[in-house]
*Asks:* 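Okay, handing you the structure first.
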Amino acid sequence: MFSKILIANRGEIACRIIKTARRMGIKTVAVYAEADAQAQHVKLADEAVFIGPSPASESYLVGQKIIDAAKATGAEAIHPGYGFLSENPDFVEAVEKAGLTFIGPKAHSIRSMGLKDAAKRLMEEAGVPVVPGYHGDNQDAAFLAGQADEIGYPVLIKASAGGGGKGMRRVDKAADFISSLDSCRREAKSAFGDDRVLIEKYVLSPRHIEVQVFGDSHGNIVHLFERDCSLQRRHQKVIEEAPAPGMSEPVRSAMTRAAIKAAEAVNYQGAGTIEFIVDGSGPLRADGFWFMEMNTRLQVEHPVTEAITGFDLVEWQLRVAAGEALPVKQGSIAIHGHAAEARLYAEDPAAGFLPQAGHIDSLEFGLGDGVRIDGGVVSGDQVSPFYDPMIAKVIAHGPGRQDALGRLQEALDNTLVSGLTTNRDFLRALVGNDTFRAGRMDTGLIDRNLERLIEKPEPSEIAIAIAAVIASRIEPSSAHLGFRLWGAADHRIKLLFNGEMIERGLRLQDGVISLHGGNQSLQLADILMGESFEAKAHLGNRSVRVRAKICATEKAGFLDVSILLDGQTFVFTRPDPVAGDAALHSSSNDVLAPMTGVVRMVLVSAGDVVSAGERLAVMEAMKMEHTLTAPRDGEVQDVLCAEGDPVEGGAVLIRLKEEE
Ligand code: ADP
Ligand code: ADP
Ligand code: MG
C-alpha cells in the first residue's frame with residue numbers, strides 16, 4: 001500500500017479522501033490555490049502545497065503543477081477526486097510518465113468513454129442498449145435535422161464532449177431544431193472547446209438510474225447495485241438514493257449485467273458509474289433502460305452506495321490502485337436497507353438556483369441515527385466564487401425507504417446555515433414532496449413543482465418574537481443560569497423580513513417578555529438563551545414549549561438574525577439604529593451585486609438614460625452569468641464598478657439619479 005498520496009482536489013471530496021487515507025495509515029498531501037489557503041482540506045491534510053491563483057485553470061487544472069507537487073513531497077500516487085482532472089486521460093499518462101500512480105482507471109478506459117458519441121458506438125458493439133439516436137461523425141446541420149425527424153420528436157441534442165449537465169437542449173418540434181442546435185453548439189464550444197453534438201430520442205417520463213461498478217487489475221469487475229438520481233435541476237442531480245424505488249429483481253439483474261458488460265468493454269479498473277436513462281412511465285422494465293454515459297471516476301453520490309453495502313469505496317480505490325485484488329466477490333455484496341443523499345449548496349433556488357458566495361457565519365447540522373455529513377467547510381469559512389458552491393452532502397441510512405427519507409428530512413430540519421442563502425429549505429420541501437415519497441418521480445419533478453418547492457413561508461409570531469428578543473439585546477444577568485431577565489423595560493423593535501418591515505413592542509417584566517403589535521399577543525417565559533433559544537410561549541389560551549437554533553451576526557451596523565424553528569429558517573435583519581430608516585429601504589436608486597463575484601461587462605456610463613429592465617451590467621460567479629437590469633426608468637448617476645472588478649454580494653454597482 002502507498003505510504004503517501006496527493007489529493008488533486010479541494011472541498012468536500014478532498015476531505016472525504018483524507019479521512020479514509022488517515023484511517024488506513026496513509027499520509028496525505030493537499031494542494032491549494034490562493035482562495036483556499038484557509039480551507040478545510042488544507043488543514044486536514046498532513047502536508048499542503050500551494051499551486052497558484054484561484055481560478056482552477058491556473059491551479060487545480062494544471063496537471064504539471066500537481067505532478068511537481070507530488071514529486072516534491074514524495075507522494076507515490078495521485079487521487080483526482082471528481083471534476084477537475086479526474087477524467088483527463090492526458091493527465092493520467094503524464095502522471096504515469098512521472099513514475100507515479102493515478103488512483104483511477106487507465107487512460108485508454110477514460111478515452112473510450114470520454115466522448116459520448118464514441119462511447120455509445122462502443123456500447124452498441126458490446127451489446128449494451130443505447131438510447132436510439134444519431135451518434136455519427138456527420139455534423140452538417142441539415143443532415144442532423146433530418147436525423148431528428150427520423151428519430152421523432154422530442155429529441156435531445158447533446159454535446160459529444162459534454163458533462164455536468166451543460167451543452168444539452170431538448171427540442172420538441174422540427175421548427176425549433178436549427179436554433180437549438182446553434183445555441184447548443186455555442187455552449188459546447190465555450191464550455192468544452194468542442195462543438196460536436198449527437199442527437200438522442202428524448203425519453204418521456206425519464207428516470208436516471210445508474211450502476212456503481214468496480215474493477216481491479218486482476219480482471220475482476222463487480223457491481224454495487226444501483227442509485228436513483230432522478231431528482232434533478234438543469235440536468236444536475238439534487239437528491240440521490242439507493243436502491244432505486246420500484247426496482248424488481250429481473251430489471252436489476254438486466255441492468256447490472258449491462259453495466260458489467262460496459263465496464264468489461266473498456267477493461268475497467270477502479271470506481272466507475274454506468275448511467276442509464278430509464279422509461280419511468282410505468283413499472284420498470286428489463287427492456288426499458290438505455291446507456292447514457294459512463295463516469296470514469298468516483299461519483300458525488302457514492303456515499304449512498306457505501307451506506308447500503310457497508311464498504312468504503314475510497315478504500316477500494318486505494319487498494320485497487322496499489323495493485324490489490326478487489327476485497328470481495330460479487331456474491332458477498334448485498335443491499336442493507338435504504339439510503340438517500342441531499343446536496344446542500346450555497347445557491348438561491350428562488351433566483352434560478354443562482355450560486356452564492358460569501359462568509360458562512362454559522363453552520364450546524366442535524367445529526368441523528370444513520371446520518372452522515374460529508375462536508376468541506378465549517379462555520380467561519382468562505383464559500384468562494386471560484387468553485388462549485390457545494391457546502392456539504394447530507395446522507396441518511398435506514399432500514400427502509402421511508403426511514404431513510406424521514407431521517408434525511410429530520411437532518412435537514414435541524415440544519416442551520418447562516419450568512420448566505422442555501423438550498424436547504426428547497427431540499428426539505430423536496431424530500432417532503434408526495435410524489436417523491438411515493439417513489440413515482442421522474443427527472444421533470446422539480447421543474448413541474450418549482451413554485452411550491454421555493455415558496456417561502458411567512459414567519460410565525462413566535463419566530464418574530466424570538467428575533468425581536470435577540471435584536472433587543474436584552475442582557476443576560478447571569479451567565480451561569482443562562483438567559484435570565486429581571487426588572488421592567490420597554491423596547492420598540494424594527495425588523496426587516498424579505499424586504500418588509502415588521503414592528504413590535506417588547507415589554508419585559510418579572511422575567512416575562514410580552515410582545516405587542518402583531519395580530520396575536522404573545523408572552524415568552526422561562527427564557528434560556530445559549531447555543532439555542534428555549535422558552536415557554538403563551539399565545540391566547542395556548543402554551544407551547546419553543547426551541548430554536550439561532551445565529552446573530554453583526555454586519556456594518558446591521559444585525560442579521562437567523563432562526564431555525566420547526567424545521568423552517570427565517571432570516572431577519574435589524575437595521576442600523578444610527579443610520580435610521582433611510583438606510584433600510586435599499587433604495588430603488590441602487591443596483592446591487594446579487595452575489596459575490598466578478599463584474600464581466602459594464603454596459604452603461606454616467607449620464608445614460610435607461611428604461612426599466614434594461615441591461616446595465618453582467619456579473620459572473622461560479623461559472624454562471626447574471627445580468628443586472630435597471631429597476632426603473634431613469635438616468636445613471638454613477639457607475640461604481642469596472643469590468644474585471646471582484647465585488648462582494650450586496651455592493652452597490654450602479655446608482656441611478658434620484659427621481660424628481
Ligand atoms: P455527478 O453525477 O457525480 O454529479 P457531474 O458530471 O455532475 O457528475 O460532476 C461531478 C462533479 O464534478 C460536480 O460536482 C462538478 O462540480 C464537477 N465538475 C463537473 N464538470 C466539471 C468541470 N468541467 N470542471 C470542474 N469541475 C467539474
Ligand atoms: P452529463 O454528462 O451532463 O451528466 P448525461 O448524458 O449524463 O450528461 O445526461 C444528464 C441528464 O440529462 C440525465 O441525468 C437525464 O436527466 C437527462 N437526459 C440525458 N439523456 C436523456 C434522454 N435521452 N432523454 C431524457 N433525458 C435525458
Ligand atoms: Mg451524466
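Order of appearance sets the numbers: ligands from 1, and atoms from 1 within every ligand.
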*Asks:* Taking the six-membered ring for Trp, are Y60 and Y387 closer than 6.0 Å centroid to centroid?
*Replies:* yes
*Asks:* Specify the closest pair of heavy atoms between G215 and V320, including all atoms of both residues, with the distance to one decimal.
*Replies:* O-CG1, 3.4 Å
*Asks:* For E306 and R16, what are the C-alpha separation, side-chain angles and deciding distance, and is it a salt bridge (charged side-chain N to carboxylate O under 4.0 Å, His left out)?
*Replies:* CA-CA 13 Å; E306 296 186 321; R16 159 76 191 88; 2.9 Å; yes
*Asks:* Distance under 4.0 Å to a non-hydrogen atom of Q232: what atoms of ligand 2 satisfy this?
*Replies:* 11 (C), 13 (C), 14 (O), 15 (C), 16 (O)
*Asks:* For ligand 2, which is the ligand I care about here, please tell me if V203 has any N or O atom under 3.5 Å from one of the ligand's N or O atoms.
*Replies:* yes
*Asks:* Would you mind telling me if ligand 2 is within reach of the side chain of K201, the backbone, both or neither, using heavy atoms under 4.0 Å?
*Replies:* backbone
*Asks:* So, Q269 and D216: side-chain donor and acceptor under 3.5 Å apart, yes or no?
*Replies:* no
*Asks:* Can you list the atoms of ligand 2 that are under 4.0 Å from a heavy atom of T443?
*Replies:* 16 (O)
*Asks:* With ring centroids as reference points, do F426 and F353 lie under 6.0 angstrom apart?
*Replies:* yes
*Asks:* Just to be sure I'm reading this right: ignoring hydrogens, which of L156, V131, T273, D279 gets closest to atom 18 (N) of ligand 2? Compare them by their nearest heavy atoms.
*Replies:* L156
*Asks:* How about R437 and Q409: does a side-chain donor come under 3.5 Å of a side-chain acceptor?
*Replies:* yes
*Asks:* Which of the listed options, E293, M294, M292, H208, holds the heavy atom that is closest to atom 7 (O) of ligand 2?
*Replies:* E293
*Asks:* Between K116 and ligand 2, is there a nitrogen or oxygen pair with a distance under 3.5 Å?
*Replies:* yes
*Asks:* How many degrees, to 10°, between E275 OE1 and E293 OE2 as seen from the Mg ion (ligand 3)?
*Replies:* 90°
*Asks:* Please confirm whether R170 comes under 4.0 Å of ligand 2, counting heavy atoms of the residue only.
*Replies:* no
*Asks:* Ring centroids only, cut at 6.0 angstrom: are W290 and F276 within range, meaning strictly under it?
*Replies:* no
